[in-house]
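Scroll down for the structure; my scribbles are underneath it.
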Amino acid sequence: MSTAENERHRLTEDVLKFIEAGVDSEIPDFNDYCLRMFALHYEVNAIFREFCDAKKVRPGDISHWKDVPLVYNDVFKTHLVASFPLEKSVMACLTGGTTSLTQRGRIFRDEDGKRLVFAANRMMTGAYLFPDFTEGKRCRILILAPSPELAPSMGMAIGIDQTRQAFGTPDSMFLLGKSGIDVNALIKALRESEATGVPVALIGATSAFVYFFQACRRKKMKFRLPSGSRICDGGGYRGRFGVVTRDDYYEMVQEILGIPNSHCVNVLGEAETATNLFDDSLRRCVKGQPPRKRTRPVPPWSRVLAMSIDDLKPLPDGEVGLLAHWDLANVPTVLAVITDNLGYTTGHGRGCEMVGRAKIEGGKVSPLPDEERTAGAMGDTAIFRMLERYVNFSIELKMLTAKDPKIAPSVREEIEARPGSVASCPQVVDEILVAQADAEAAQLRDDALNAFKDQTERPLDWYKSEADKQVLADHPAGLRSEKSGPKRTKTATMVKKSKK
């Protein structure tokens, strides 16, 4: 085993110990671990090393985690960002397809990386969605999201299935299939909970819940779920089913299910960073703490800062900027990622809240969110075209090139509507829900689901760009040489190109 492999494994074991210590623990040497991980990634990750060299930031040049170079999440759509030999991949997740009509982000994890992401999110789920559960306690989980069988590389599907295995009873079930919500099974399960007094947990895509609640209103159908029932939504709401604010959503949960606001939890997941962030409403309720404005506590193994839209410098608590994540659970990729989520922090980066997706106004990032994309899971790459003006990103393998900086805020919707476009994760749910009534939506649904399935059948070298191939040839130790090629594994493969 090489020195780098030993260091990667040592870091993994240490971070797993931090995670197992729980969300209320402390890591006094967090900074030291960040610098160690930065040094490792610089050594073994060829793409990241070129990026750091272009920014003139190398290990030994910095002494604080805030100075570790931030990688834009769109880089994952254009390059293979892996800090381990790719033939050791055992897990792959796809992100949105907004860089080009068919290109999607590609996040690979090896066995250690899989252990980290599963451990981190089991701890976060237990702490914020099931904080009242003693060790071994379970409940019935009703899931309104695609299953891993339907979408094997969708992060939402993989994560919720892990939650089902960790916290669900044997009668827990996925209720969103290719033909939409299994309404009869869902209603039956909710009525059973009413009749028996046994609480249930509902977990799934925001748009699926909105769709179901609106249908219940039309049918004048309501449920009164027993005390202790809860609901967790994530993945975003794109407005496909009308204008619904976050407060409207909570009102519908109370009206249709009888679940109080305190037991409504929202989760923010970014495929490019390992740890999901949950709001703290239910945890505070269980602990007897007074209600407050919702925020997302950041666990000890992570930090989040809001970065200025003008110069990408950290902002004080309460000021809205682009959310950036430093996550020690990102051992297989890169430590620090900046997203196009607009939000603010609390507690000097120990808490945060998202206010929406960034949008472009007059060729600049607006401090106000794009109301048409208030909670979508994927971003508009236009923001990163603009950000390149402020950052020295003269890396030879640039992730994007901009021809027109004045791109309309709704460019993502326009791109996704084009023939050949492959939907992003939350849009997949939207298309599933409307597919029976719309032939075009049915085709988009099939294309998107096939993207998540086809990647399990293609070798890694099938889809590499010419730039990726050159990097692989130049840096065989870091990313595996093209000549040798990776093994054809089930999960370490990606989406084939559209034939359209």
Side-chain angles (χ1 to χ4, degrees), residues 30-31 34-35 38 48 51-52 54-57 61-76 98 268 270 272-273 275 277 293-298 302-327 330 334-376 378-395 398-400 402 405-409 411-412:
F30 177 83
N31 190 66
C34 287
L35 296 179
F38 172 39
F48 181 61
F51 174 64
C52 294
K55 292 176 67 66
K56 296 180 172 57
V57 179
D61 295 343
I62 61 173
S63 60
H64 199 276
W65 58 267
K66 291 181 183 178
D67 298 321
V68 174
L70 290 160
V71 175
Y72 307 138
N73 58 357
D74 270 32
V75 172
F76 290 86
T98 55
L268 172 63
E270 293 284 346
E272 297 84 2
T273 191
T275 305
L277 300 179
K293 187 175 181 180
R294 290 172 183 263
T295 190
R296 302 175 194 276
V298 179
S302 297
R303 297 290 187 274
V304 175
L305 291 177
M307 312 301 282
S308 168
I309 61 176
D310 294 320
D311 56 16
L312 293 185
K313 291 185 177 178
L315 295 171
D317 286 351
E319 291 194 25
V320 173
L322 297 166
L323 293 181
H325 302 253
W326 289 257
D327 190 344
N330 286 353
V334 288
L335 172 69
V337 176
I338 186 168
T339 72
D340 62 347
N341 290 330
L342 282 173
Y344 58 88
T345 61
T346 59
H348 304 287
R350 300 311 300 270
C352 69
E353 187 51 73
M354 177 182 170
V355 300
R357 293 293 184 184
K359 66 177 178 179
I360 306 297
E361 285 187 343
K364 294 184 65 177
V365 177
S366 170
L368 300 176
D370 186 345
E371 294 179 357
E372 295 181 6
R373 303 187 302 118
T374 54
M378 306 305 163
D380 184 345
T381 60
I383 187 172
F384 296 106
R385 297 188 181 112
M386 189 287 305
L387 286 175
E388 285 185 281
R389 298 177 182 177
Y390 300 105
V391 181
N392 177 18
F393 190 55
S394 57
I395 181 172
K398 291 183 66 123
M399 57 184 175
L400 294 170
K406 295 182 179 181
I407 298 177
V411 65
R412 175 174 177 271

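Note that this is a predicted model, so its numbers are computed, not measured.
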Closest non-hydrogen atom pair between Arg294 and Tyr344, with its separation: O-OH, 4.5 Å
Sub-4.5 Å side-chain heavy-atom contact between Ile338 and Val71: no
Closest heavy-atom pair and its distance - Trp326, Trp65: NE1-O, 2.9 Å
Ile62 side chain reached by Val57 side chain, heavy atoms, under 4.5 Å: yes
For the student: nearest non-hydrogen atoms of Pro297 and Leu277, plus distance: O-CD2, 3.9 Å
Pairwise side-chain contact, His325 with Asn330, heavy-atom cut-off 4.5 Å (strictly under): no
Donor-acceptor under 3.5 Å (Thr295 side chain, Cys352 main chain): yes
Test item: Thr339 side-chain N/O and Leu323 main-chain N/O as donor-acceptor pair under 3.5 Å: yes
Any side-chain heavy-atom pair of Leu70 and Leu312 under 4.5 Å: no
Minimum side-chain heavy-atom gap Phe51-Val334 below 4.5 Å: no
Beyond-backbone contact of Ile309 with Leu322, side-chain heavy atoms, under 4.5 angstrom: yes
Distance, nearest 0.5 Å, that separates OG of Ser302 from CG of Asp327: 3.5 Å
Where Arg296 and Leu268 come nearest, the two heavy atoms and their spacing: NH1-N, 3.5 Å
Short side-chain donor-acceptor distance under 3.5 Å, Asp317 and Thr346: no
N/O donor-acceptor pair under 3.5 Å between Asn73 side chain and Val337 backbone: no
Atom pair CD/OG1 of Glu353 and Thr345 - distance to nearest 0.5 Å: 11.5 Å
Considering all heavy atoms, the nearest Asp61-Lys56 contact: OD2-O, 4.1 Å
Nearest non-hydrogen partners of Pro69 and Cys52, listed with the distance: CG-SG, 3.8 Å
Spacing of CZ belonging to Arg303 relative to CG belonging to Leu335, to within rounding of 0.5 Å: 11.0 Å
